[in-house]
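Notes for the one structure printed next.
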Amino acid sequence: MIIKSVRLKDFISHADTRIEFPLGVTALIGPNGAGKTSIIDGIIFAFFAERVRGDRITDIIRRGASSAEVEIVFEEGGREYTLRRVRKSRTTEAVLMRDGEPIATGQSEVLAEVLKLLKMDKDTVINSIFVRQGEVASLVDAEPRQRKLLMGKLVGLDRLENAWQNMREVLDHFEGKAKEYDVVKREIEVRKERKEQIEKEIAQLEEEIDKIGHDLEKAEKELDKASSELKLWKEKREAYYKLSEKLSTLRERISSLKKDVERLGKELEEAENAKQEMLKIEPEIDKISVLEDYLRATSEKEKMEERIKRIEKELERVEILLSEIEQTRKAYEKYVELSDELKKLKKELDSLQHAEKEYEGVKTEIRIVQSRIEELKSETSKIESEVLEILSAATVEAKKAKLEELDSKIAELDQKISSLQNEHGQVEGRISEIEEYVEILGESTECPVCKSPLTPEHRDEVRRDFKVEKEKLQTRLTEINAEIESFSEEKRRIEEERNRINALDVERLEKLKEDLTKLEAKLDGLLKKEGEIKSVIEDLARVKDEIAGIESELEKIKMDYEKHLAASKALERERGKDEIKAELDDLKAKLNEVDESISSLLSKLGYTPEKPEDELRKLRSLKEKYEVLKSKAEKIDAIREEMGKVREELEKAAQEKESAERELVSLGYSDEEYRRVENRYSELSKKVAELKTRLEGVKKQRNAKVDELTKTNESIKALEEKLASLEKILEFVGKLQRIRQAFSKDGVQRIVRQRVAPIISEFARGYIENFNLDITDISVNEDFDVSIMKRGGEISIKSISGGEKVAVAIALRLAIAKALAGRISTIIMDEPTTHLDEERRRELVEIMKNFFREGSTVPQMIIVTHHRELEEVADTVYRVEKVDGVSRVVEGI
């Protein structure tokens, strides 16, 4: 996979950032907190929707924004893909596109498609591609046990370990179940004993049911006989109470009809009296309609007069408004003309307004560039002064030549020291041989070297020769040690000089000069732009003056303009002057007609009422009384007819009463006899009910025992099935124990380590060669112990330099990633120089320059760092800075 570009929108501290990632090494450089690591976090979030900051995934949304968006364009298998993920307050949207067409949407679908494209699971992708802050050197600096855990996690052994640990819980679960075997077996025996006891209890209950059934049958026959007798007496009782109720009703009805006859007599008398009084007041009622017309006419006249007054005031108001509009017309027209001119000037002001902001922006940028030029000049002068103290010229060529000269001297000294060390070893070996020969010689009669016969004299001579040779050799050892010390001291002096020269940042000096030239050219352009904007600023000042003059003149005539507007608006709400006059003339004509109608009505009355309302009120009250009297008089015939009907009904009710009294006597009903029959029936009913209840209770006991027997049989069957299942679980526990053992450190984990260790070693050797170090071999055993070989033999990993440690760690990380994922196309490193001092960082820079100089085996590497030394390694440099809390990325200059 190759990452081609990343866009972050409202993601953590990035408002809208887009970065292109070409092949080769890309460095993201900036101070801590600038937002560098947020870019890596964005890549991880886009691919896997992983939470990267804070306790909640919504913490990735930039403060003040409603959502965060990350879009990545990457290449895989020769095809280009676009992956976009948007996080809102409650939801996350995701889409994966190929060649502009969506191929997956939604979180889970997109993640599955990404892992399918990369042909790896999520953990393998993260462990292969992403190297987090502090993870690089941890592979080397960690203690052996911790290194084993770290490397095991990278190759996925932690998942096997987790499987081994998790299977313990499963095993405990099934072992706990297997312990139930004996308990279940004993429970089956107890249930079978209970089954036999229940069957005996059911037989006893069946006998009791038969006996109670016989008693119940006898009692039910006696109850049937008592029921027939009670039924007969109930019929008599019902007839008795019906006749009694009928007599009571007839007595009440007769009493009520007598009262009705008396009431109707009184009502007839009142109706006849009302008719006489009605005829007396009838002539006065005819005046009411004339008087009502008179009052209506006088009321209409008053309303017309009031309306005429209002219309006359309306006409006066309209004439005043017309006068005011005419007086302020010129001021209004002048105000409108000036307002139009002011709008044009303000539009021109808006078009020029941007010049002020642009002018301030250019001036600010000029200050920033001038400040940066001064910083670069100061840094350039400082570095140049340091370089010229040691080198003849402040150039890369002079530095390289001097380093090559010193390297040649060091190599020459290494050769001399190596030669002396070899000689030293030969001399020590010869001394050891001599001492061994002298010891063997003892009193021997045979030469230990040539095996020829020895005489005592010859033996003494040989001892003397060995002694002389040993003394000469010891003298030579002393001389060799002195020479080695001398050459080593000279080598240390040259190496110190080489380190000082190597520390000279000549490359930085050339880069500073190049940046200085670019900034000075940029400053010239900004100064030219500043001059061009000044003319626009002058036009802006002229327009502002003209606007101020017009606004002042508008203020003077504003009052008359507002009066004109107010009068015009008020007039819009009024009717036309001619319309008002026409209505006024019409009302005056109608008023004359009303006056004529009033005169006609007074003529009909024959007098002019002093208080017509009071008179009308009295007449209306009299009319109400008239209507009441009339209503009563009209009921005379109806009352007489109703009185005849009531008298007939009274006579009929009296006859029915006598008949019911005779029927009641002939019935022969007695409450005492009825209660005796009822009590006998009640006692028998109670006895039958008790027997039924008792029978039902015993049947319930029998049914409960039958149910219990059924359940017992079912439970025995279930327990027998459970026992068979537990037998299988016992067998399964044994198998599970063997499977868990296979996942242990000495099982599959060991097999994985044995297989992956040689592969990691082979890949690591290939990578370490590209660093151009004096490390001749690197290997990893099955316990993930790392062995380092140099020309002088195997050395401890703790003894290599800081830069070499990081190089070894990078080689191991790349080797592990390649072992997991095949060919590595992209590697992302976050702060690889963390915890390295300046000297070790420079070592790392030199080592990584050698790694990438001959063509890296990794096509794309992205490095996040706050150390600018790594710029020398990068093909592309981006600077990350934070301005007003917002991260900004610019290509380095």
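Predicted model, so just to flag it, every value in this text is computed and none were measured.
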(message) Ring-plane angle category for F11 and F45, please: parallel below 30°, perpendicular beyond 60°, tilted otherwise.
(response) tilted
Under-4.0 Å salt bridge between [X] and [Y]:
X: R702; Y: E206; answer: yes
X: R186; Y: E189; answer: yes
X: E267; Y: K635; answer: no
X: R676; Y: E672; answer: no
X: E300; Y: R296; answer: no
X: E708; Y: R194; answer: yes
X: E207; Y: K200; answer: no
X: E199; Y: K705; answer: no
X: D260; Y: R263; answer: yes
X: K88; Y: E93; answer: yes

Enter the distance from [X]:[atom1] to [Y]:[atom2] here, rounded to the nearest 0.5 Å.
X: L709; Y: E714; atom1: CG; atom2: CD; answer: 10.0 Å
X: L96; Y: T82; atom1: CG; atom2: OG1; answer: 8.0 Å
X: R675; Y: E673; atom1: CZ; atom2: CD; answer: 10.5 Å
X: K652; Y: L257; atom1: NZ; atom2: CG; answer: 11.5 Å
X: D215; Y: E220; atom1: CG; atom2: CD; answer: 11.0 Å
X: E217; Y: E222; atom1: CD; atom2: CD; answer: 12.0 Å

Strictly distance-based, threshold 3.5 Å: is any side-chain N or O of [X] a donor or acceptor partner for the main-chain N or O of [Y]?
X: R62; Y: D10; result: no
X: S227; Y: L223; result: no
X: S631; Y: E627; result: no
X: S682; Y: N679; result: no
X: T710; Y: V706; result: yes
X: S244; Y: Y240; result: yes

(message) So if I apply the salt bridge (Lys or Arg N to Asp or Glu O under 4.0 Å) rule between E272 and each of R640, K266, K632, which one comes out positive?
(response) R640
(request) Apply the salt bridge (Lys or Arg N to Asp or Glu O under 4.0 Å) test between E238 and each candidate in K234, K242, K236; give the one that qualifies. (result) K242
(request) Determine, stepwise, if the pair L650 / K258 fulfils side-chain contact (heavy atoms from CB on, under 4.5 Å). (result) CA-CA 7 Å; L650 180 61; K258 287 178 179 178; 3.9 Å; yes
(message) Using side-chain heavy atoms (C-beta onward) and a distance below 4.5 Å, is M97 in contact with R84?
(response) yes
(message) Side chains of D41 and I43, heavy atoms from C-beta outward: is any pair under 4.5 Å?
(response) no
Where [X] and [Y] come nearest, the two heavy atoms and their spacing:
X: L264; Y: M643; value: C-CE, 3.4 Å
X: A226; Y: L684; value: CB-CD1, 3.7 Å
X: T712; Y: R191; value: CG2-O, 3.4 Å
X: A68; Y: I60; value: CB-O, 3.9 Å
X: A653; Y: L250; value: O-CD2, 4.1 Å
X: R85; Y: A46; value: NE-O, 2.8 Å

(request) In sequence, state the C-alpha distance, the side-chain angles, and the governing distance for E201 and Q197, and then conclude on side-chain contact (heavy atoms from CB on, under 4.5 Å). (result) CA-CA 7 Å; E201 291 174 354; Q197 184 181 351; 3.5 Å; yes
(message) Using a 6.0 Å distance limit plus a 45 degree cone around the ring axis, check whether R237 lies over the aromatic ring of Y674.
(response) yes
